[in-house]
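Data block below; observations after.
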Amino acid sequence: MKIKLSWLMSIAVVLNGCCTQDSHSSSEEKKALEINNTLTEAEKSAGVFTPEILWKMGRAGNSALSPSGRQAAFTVTYYNVAENRGVTSIYLYASGNAEPVQLTDNAGNESNLQWSRDGSKLYFLSNRSGDSQIWSIRPSGLGLTQLSTIEGGIDGFGITDDESKLFYTKSVPVEKRLSKEIHADMDRSKAKIYDDLMARHWNYWDEGRYSHIFVATLADGKVGEGKDIMAGEPWDAPLAPYFDIAEIAWNHAGTQLAYTCKKQTGTEYAVSTDADIFIYDTESGRTGNICKDGEPVDPRADKPSQMGGYDKYPVWSPDDKLIAFISMRRPGNEADKERLFVWDSADGSMKDLTAAFDCNVSHVVWNGLDELYFIAPMQATHQLCKVNMAGDVSAVTHGDHDINAFSFEGGRLIAEVTQISRATELFDIDIQGDGKLTPLTRINQEIYDHIPMGEVQKRMVKTTDGKQMLTWVIRPPGFDPAKKYPTLLYCQGGPQSVVSQFWSYRWNLQLIAAQGYVVVAPNRRGVPSFGQEWTDQISGDYSGQNIRDYLSAIDDVAAESWCDEARLGCVGASYGGYSAFFLAGNHNRRFKAFIAHCGIFNFESMYGGTEELWFVNNDYKGAYWDDNPVAKRSYANSPHRFVTRWDTPILIFAGINDYRIPYSQSLEAFTAARLMNIPARLVVFDDEGHQVFKPQNSIVWNREFFAWLGRYLESRKS
């Protein structure tokens, strides 16, 4: 459906053009971005899902229930492809109303939604006045007010229950990295100077700035001067590279702030995942580490010396006596089991509530003092679960869907839900009954009404070691079993990420199927949701069982009468790109086309060029100079060692700002392909990193993707 711009919005637009902002607004508001997401008659008539239609879709997210549970605020992002940018606005759903209404106009990007405790106003982050600042608005659409004018803008915030204080995060200079800072008389020099790792991270170079937490007062509709509670400290909170504001939480009394931080630098930082939960006390100004200070009383709990992995996402209990958080046991393993821990402030004890639950935990919310809700990946889906203080876990929801986030207030729970065939929508979940999901929004209904999606089948494939592997098979719309279809093996990235009921705007399986391809998406070894043993198996064995799992899946589907074995392709990004590179030299002529996006090609140069060394240390089991047999096997099976066997055309994508898997990996692969006289094409994006985010870049990416498949698979139609 189209979400209506209500009369409330009309009032807000008028007021926005007048004097509704506080007098301390930093600058004039931006002009609203024009959005036209209506399908053309030609698109309706064709009835084919295209990249252009994908970019007309509204992208829902960041939902927040009011304290009464009767109103739900959420954001929707729409894009203007011609302008090559999008805008994120706030929408409001109220119980009893048929449709949500748009609460803010398209003049700024809104995020970080938080209700006042009486539900009379909504706080949010917006860049509508230039830099990102804190704003508020009433549910009526009136009272749009800028509360902060913090120099340089902020990245996130959180307000205390009594609304007297808040924290905010922003980047601050701590260390000198630029040559013009170190050599003051050379102000036109443009060098960066380092004495230790990490020089760069994901998509940015370290220039000596770090994300810090500031605490400030909130009075009379204004944010006071902030105090940096990490002054001079050379580390980030929240953690890089995602800077997730959910890693910081006020207690309900507003006297203490729990936050996640990895207080390490240099080489120690590059090889470690040892992030901890810290508590800052506003009265004393002291900071303590609950993961390292003191000894736990409960003998079943981890000792502080054992808390060497990621400890993240603190959530205070309603009485402020307990903190629930997510913990990984093993140092240096970013894909270890995510356990739900509870820390008791009375004696410093810790308890693992999910010790007997062999799935990961995320998005934890307290339900009173005796129960917590959370999300868990289970059998290639994401479900809402609950656990009591005795550690008894049960699933609240069931079915083929992904619950990606939820908000719980006033005894009501709403969730952001996706399926392979449907983008994010808000659903009401019956937490008192059978967990039934009831839709609240239909943001892209016009598209679904005119553009058919392909059938998604759940297929169990027997692996070479006798196990059952859940594999999604997505058929083209209008599938006819009497015809033969080109078929693609989709190789998941991660490598430890679930092939679930996800909806992606970068690798959209329905978009691929809509162009006439059957898509085979196996949950091969290494992906979560099938127990930690299944996840762990891939580490140190990149070229082993998971590759055989891939081939088992494609061979199983290729045996179908409607699959054209002469038109098989293999595609993937990141670890999936590695998979494409490796299979290019080890596929026994199964495939007629490969596509690799930002893949690992040469393990040795990858080790020397990447930044998060804990990842390669864990997954390769060491550096290329290590003498242990597992590391030796990893490097001996690097894809670049099999290029003499390459015999199939390959398309390679890369982003110049990709420092996770440096773009030089793609350049090496392209060079090898051409010197081996293999048809190859290299597409390099100057302004992208590990993923492609910008609208026009994405459409170019898709056009190149489907043109390559069309050239080497469609030409072999039977």
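Positions are given from 1 along the sequence. Hydrogens, waters and symmetry mates are skipped; everything else that's a heavy atom, side chains included, is used.
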*Show your working on side-chain contact (heavy atoms from CB on, under 4.5 Å) between Val520 and Leu488 and close with a plain yes or no.*
CA-CA 6 Å; Val520 180; Leu488 300 179; over 6 Å; no
_Can a donor-acceptor pair be found, under 3.5 Å and without considering hydrogens, that links the side chain of Gln492 to the backbone of Ala521?_
no
_Please tell me whether Glu338 and Ser362 have a donor and an acceptor in their side chains that are separated by less than 3.5 angstrom._
no
*Side chains of Tyr310 and Asp336: closer than 4.5 Å at any heavy-atom pair?*
no
*asked:* Determine whether a donor-acceptor pair (N or O, by modelled atom type, separation under 3.5 Å) exists between the side chain of Ser539 and the backbone of Asp619.
replied: no
*asked:* With heavy-atom distances below 4.5 Å as the criterion, would you say the side chains of Val683 and Trp701 are in contact?
replied: no
*Side chain of Asp626, backbone of Ala623: donor and acceptor closer than 3.5 Å?*
yes
*Of all the heavy-atom pairs spanning Ser638 and Phe601, show the shortest one and how long it is.*
OG-O, 3.2 Å
_Trp507 and ring-ring contact (aromatic ring centres under 6.0 Å, His included): which single residue from Phe502, Phe653, Phe705 fits?_
Phe705
*Which residue pairs satisfy the salt bridge (Lys or Arg N to Asp or Glu O under 4.0 Å) criterion with at least one member in residues 670-695, sequence neighbours excluded?*
Arg681-Glu704
*By ring-ring contact (aromatic ring centres under 6.0 Å, His included), which residues pair with Tyr269, not counting sequence neighbours?*
none
*Between Asn404 and Thr418, does any side-chain donor sit less than 3.5 Å from a side-chain acceptor?*
yes
*Could you pull out all residues at least two apart from Thr381 that satisfy side-chain hydrogen bond (donor to acceptor under 3.5 Å, both in side chains)?*
Gln383
*Is the backbone N or O of Val461 less than 3.5 Å from a side-chain atom of Thr463, with the two atoms forming a donor-acceptor pair by type?*
no
*Can we say Arg475 and Glu560 salt-bridge, meaning some charged N sits less than 4.0 Å from an Asp/Glu carboxylate O?*
no
_Using side-chain contact (heavy atoms from CB on, under 4.5 Å), reason through Asn360 and Gln532 one step at a time and then give a plain yes or no._
CA-CA 9 Å; Asn360 291 335; Gln532 194 61 35; 4.2 Å; yes
Using atom types as modelled, flag every donor-acceptor pair under 3.5 Å from a side chain in residues 605-612 to any protein atom, sequence neighbours excluded.
from, atom 1, to, atom 2, distance (Å)
Ser605, OG, Asn602, O, 3.3
Ser605, OG, Gln665, NE2, 2.9
Ser605, OG, Glu668, OE2, 2.9
Tyr607, OH, Asn617, OD1, 2.7
Thr610, OG1, Arg660, O, 2.7
Thr610, OG1, Arg660, NH1, 3.2
Glu611, OE2, Trp202, N, 2.7
Glu612, OE1, Arg660, NE, 3.4
Glu612, OE2, His201, NE2, 2.7
Glu612, OE2, Trp202, NE1, 3.1

*If only atom types and distance count, is the side chain of Asp564 paired as donor or acceptor with the main-chain N or O of Lys484 below 3.5 Å?*
no
*Given side chains that start at C-beta, do those of Val81 and Glu52 come closer than 4.5 Å, heavy atoms only?*
no
*asked:* Considering only residues two or more places apart or on different chains, which pairs with a residue in residues 487-497 satisfy salt bridge (Lys or Arg N to Asp or Glu O under 4.0 Å)?
replied: none
*Which residues share a salt bridge (Lys or Arg N to Asp or Glu O under 4.0 Å) with Asp647, sequence neighbours left out*: Arg589
_If the condition is salt bridge (Lys or Arg N to Asp or Glu O under 4.0 Å), which residues does Glu565 pass it with, not counting sequence neighbours?_
none
*Using salt bridge (Lys or Arg N to Asp or Glu O under 4.0 Å) as the criterion, point out the one residue from Arg200, Lys192, Arg177 that pairs with Glu207.*
Lys192
*With distance as the sole test, does Asp236 use its side chain to make a donor-acceptor pair with the main-chain N or O of Pro238 at under 3.5 Å?*
no
*Any luck finding a side-chain donor-acceptor pair between Tyr659 and Trp205 under 3.5 Å?*
yes
*Side chains of Asn637 and Tyr542: donor-acceptor distance under 3.5 Å anywhere?*
no
_salt bridge (Lys or Arg N to Asp or Glu O under 4.0 Å) pairs, two or more places apart, involving residues 531-541_ = Arg330-Asp536
_Is the distance from the ring center of Phe581 to that of Tyr578 below 6.0 Å?_
no
*Criterion side-chain contact (heavy atoms from CB on, under 4.5 Å) on Leu551 and Leu583, from CA distance to verdict*: CA-CA 9 Å; Leu551 296 178; Leu583 285 168; 3.9 Å; yes
*Hey, does Ile420 have a side-chain heavy atom less than 4.5 Å from the side chain of Gln510?*
yes
*Please confirm whether the backbone N or O of Thr38 pairs with a side-chain atom of Lys56, one donor and one acceptor, at under 3.5 Å?*
yes
_Please tell me whether Phe594 and Trp646 form a close aromatic pair, meaning their ring centres lie under 6.0 Å apart._
no
*Arg590/Asp555 ion pair, N-O < 4.0 Å*: yes
*Return each pair, listed once, that meets side chain to side chain donor-acceptor pair (under 3.5 Å) where at least one residue sits in residues 511-524; pairs must be two or more places apart or across chains.*
Arg524-Tyr550
*Could you tell me whether a side-chain N or O of His382 sits under 3.5 Å from a main-chain N or O of Val417, the two making a donor and an acceptor?*
no
*Check whether any side-chain N or O of Asp206 sits under 3.5 Å from a backbone N or O of Ala199 as a donor-acceptor pair, and report yes or no.*
no
*Are Tyr663 and Val684 close enough that some pair of their side-chain heavy atoms sits under 4.5 Å apart?*
no
_Closest approach of Glu714 to Pro486 (non-hydrogen atoms, all atoms of both residues)_ = OE2-CG, 3.3 Å
*Kindly indicate whether the side chain of Asn586, heavy atoms from C-beta on, has any atom under 4.5 Å from the side chain of Pro639.*
no
*Does Arg525 make a cation-pi contact with Trp534 (under 6.0 Å, within 45 degrees of the axis)?*
yes
_Trp562 and Val557, any side-chain heavy atoms less than 4.5 Å apart_ = yes
*Taking Asn697 for the side chain and Val692 for the main chain, is one N or O donor matched with an acceptor at less than 3.5 Å?*
no
_Nearest heavy atoms of Tyr490 and Pro522, plus distance in Å_ = O-CD, 3.5 Å
*Check side-chain hydrogen bond (donor to acceptor under 3.5 Å, both in side chains) between Tyr635 and all other residues, then give those that pass, not counting sequence neighbours.*
none
_Qualifying residues under side-chain hydrogen bond (donor to acceptor under 3.5 Å, both in side chains), relative to Lys632, sequence neighbours excluded_ = Asp627
*Does the side chain of Tyr712 reach to within under 4.5 Å of the side chain of Leu651, using non-hydrogen atoms?*
no
*Name all residues meeting the side-chain hydrogen bond (donor to acceptor under 3.5 Å, both in side chains) criterion together with Ser111; count only those two or more places apart in sequence or in a different chain, and write none if there are none.*
none
*Non-hydrogen atoms of Gly540 and Lys621 that approach each other most closely*: CA-CG, 3.8 Å
*Taking all atoms of both residues into account, what is the closest heavy-atom pair of Asp400 and Gln419, and its distance?*
O-NE2, 2.9 Å
